[in-house]
Amino acid sequence: MASSLFMQFLDATILTTALPYIGKSLDVPTNSLSLTVSIYFITMAIFIPLSGWIAKRIGKKNAWMLATSLFVLSSLGDAVAPTFSFLLISRFVQGFAGSLMTPTARLIMLEKTPSNQLLKMANYLVWPALIAPAIAPMLGGFIVKYLSWQWIFLLNIPIGLIAVIIGNELIEKDDNKIRSKFDLLGFIEIAMSSGLILIGAEIATYGKHLWKLSGILVIIGLLMILLVGYHLSKTKEPLFEIKALKVSSFRIYQTGGTFLWLSVGALPYLLTIYLQTVFHWSALTAGYYVIFVFIGNIGIKPFTNIIIKAIKYKWSLILALITVAISTALIALVRPNTSGIIIALLALLSGCGRSLALTCYNAVTFSEIPMDERNSANTLSSVLQTMAQGLGVSLISVIVSALSTFVSVNIAYEYGFIFLGILMIYPIIEVLMQPKDFGFKAL
């Protein structure tokens, strides 16, 4: 399951490095290339709400096998795409596959895990989300320099095929398939709200002359969330339940955790672009420094359980979020003549904080959710997480673009890092308001 999650997270982030090469190969204007990334996230956000219903209908194992196989096939389609239109269609199919694969993989793990084992499982669950974005810039830079951009997609094929073969042997068949009525109205409402928010954010990256239209779309999408909430709480057979939001340990991941995901998605991208644009380093050299985020993710792992058991979830989360905030904001002070050791150290600390924070969040999120409600809770969590990932890059791109109209591009990037650090203030305050025994069921 973790290998399929890794494949999805890697595919969502590694493509950025290859965009200029895809543009040259397929003769595509630079301002159109970001569609290959945005169409993937938008499709995922729109179709993730279907994942819970499909998993009930055909069984979790069948749903995951189907999604992973489709992800592999669409990756092959991406690699052999003769035109940009073909590539976009293939990325759409890949986004649909990812929208079913990722939540189902998480659900299979969650429904097999007792609450008192969630901390251990969270360590495995969080790795793909942390490792993939951190190694993507260096891996992507290596591939486009020494191979070709097609190999970015071909990389998914062996990973996916091995996962399917092993998963077929290890995953138990589902005997309790549920034939529930499909909530078409709920799906349309959720698809429109998430689609409008992500499309609006994407449009904003094309220039300030489109910011008014972008703002209108995002506001309409946000207002529609209220309509979605009302519908899901009142209908007899909703697409998924939202009553899990009443549980504080679950709710804080959907609120404060969303701010963390915005930073998690945006930092590797912003640091890579900053080192290339301002420092004029190659994609591969920039990737070498971003890889220290990954080293921090791995380096903190042997101590994660020790820290959490020593100071409990509340103070572990606060420590982690403060580390993320300070280390990210301090990158604004980095200059071309700054020692590479300092840049690496800040990236390392950011990785440590992100890893500890997401481990805590993942462990406590479902600790108080009954087994029979984890399907709906997982679907809701996946929708918000995917939207935050998709918005992360768009949001920081718009912030830097907006700031560059008032200050130089260099300073705009520096303020961008400070902005990502400031994002952590809300989740820190939210965790401080939790009781001392917060998350004790996951220990």
Side-chain angles (χ1 to χ4, degrees), residues 1-12 40-41 43-75 92-113 118 121-122 124-129 132 156 159-180 182-183 186-187 190-191 194 238-241 244 250 253-254 362 365-366 369-387 389:
M1 296 300 97
S3 65
S4 64
L5 291 174
F6 172 81
M7 182 171 63
Q8 186 271 317
F9 280 109
L10 182 66
D11 193 86
Y40 179 82
F41 277 115
T43 306
M44 276 196 69
I46 288 174
F47 288 105
I48 273 180
L50 282 177
S51 63
W53 182 82
I54 292 175
K56 290 179 183 177
R57 190 85 174 182
I58 68 174
K60 292 181 288 293
K61 177 177 181 176
N62 291 336
W64 179 80
M65 295 278 288
L66 172 66
T68 308
S69 300
L70 186 59
F71 197 92
V72 170
L73 286 173
S74 56
S75 296
F92 176 87
V93 175
Q94 197 171 22
F96 172 76
S99 73
L100 179 58
M101 180 177 68
T102 305
T104 309
R106 287 172 47 130
L107 185 61
I108 288 171
M109 289 191 286
L110 288 170
E111 291 195 346
K112 300 293 183 184
T113 308
L118 280 173
M121 185 56 71
Y124 296 109
L125 191 65
V126 77
W127 274 43
N156 293 330
I159 298 174
L161 288 177
I162 292 170
V164 168
I165 292 169
I166 298 176
N168 186 50
E169 295 296 321
L170 294 181
I171 307 170
E172 298 175 5
K173 291 184 178 180
D174 299 289
D175 297 322
N176 55 340
K177 297 173 185 176
I178 302 172
R179 292 190 171 274
S180 58
F182 179 61
D183 181 14
F187 171 70
I190 296 168
S194 57
L239 196 59
F240 56 86
E241 301 277 358
F250 176 81
Y253 187 31
Q254 316 317 314
N362 273 294
T365 298
F366 299 96
I369 305 297
M371 286 290 184
D372 61 343
E373 295 180 16
R374 286 187 179 179
N375 187 318
S376 288
N378 177 61
T379 302
L380 174 59
S381 181
S382 297
V383 170
L384 294 173
Q385 180 179 314
T386 301
M387 287 186 64
Q389 278 184 279

- Message: Let me confirm one number: the CH2-OG distance from W64 to S51, rounded to the nearest 0.5 Å.
- Response: 15.5 Å
- Gap between atom OG1 of T43 and atom CZ of F92 - 0.5 Å precision: 5.0 Å
- In Å and rounded to the nearest 0.5 Å, what is the CD1 to CD1 distance from I190 to I48? 11.0 Å
- Item | Reported CE-to-NZ distance for the pair M109 and K60, which is rounded to 0.5 angstrom | 13.5 Å
- Query: Can you name the side chain to side chain contact (heavy atoms under 4.5 Å, CB included) partners of I162, sequence neighbours left out?
  - Reply: I166
- Task: Kindly assign one of parallel, tilted or perpendicular to the pair Y40 and F71, based on the angle between their ring planes and the thresholds 30° and 60°.
- Result: perpendicular
- CZ of F187 to CG of L50, rounded to nearest 0.5 Å, is 4.5 Å
- Message: Apply side chain to side chain contact (heavy atoms under 4.5 Å, CB included) to residues N168 and K61 and explain how you reach the verdict.
- Response: CA-CA 8 Å; N168 186 50; K61 177 177 181 176; 3.7 Å; yes
- I108 CD1 to L170 CG distance, which is reported to the nearest 0.5 Å: 11.0 Å
- Message: So which atom in T68 and which in S4 form the shortest heavy-atom distance, rounded to 0.1 Å?
- Response: OG1-CB, 4.5 Å
- Picking from R106, Q94, Q8, what satisfies side chain to side chain contact (heavy atoms under 4.5 Å, CB included) with M101? Q8
- Query: Does M1 reach the side chain of I171, with side-chain heavy atoms less than 4.5 Å apart?
  - Reply: yes
- Query: Do N156 and V72 have side chains that get closer than 4.5 Å, going by heavy atoms?
  - Reply: no
- Query: Quick one: side chain to side chain contact (heavy atoms under 4.5 Å, CB included) partners of A63, sequence neighbours excluded?
  - Reply: I54, I58, L100, T104
- Message: Can you confirm whether T365 sits close enough to Q254 that some side-chain heavy atom of one is under 4.5 Å from a side-chain heavy atom of the other?
- Response: yes
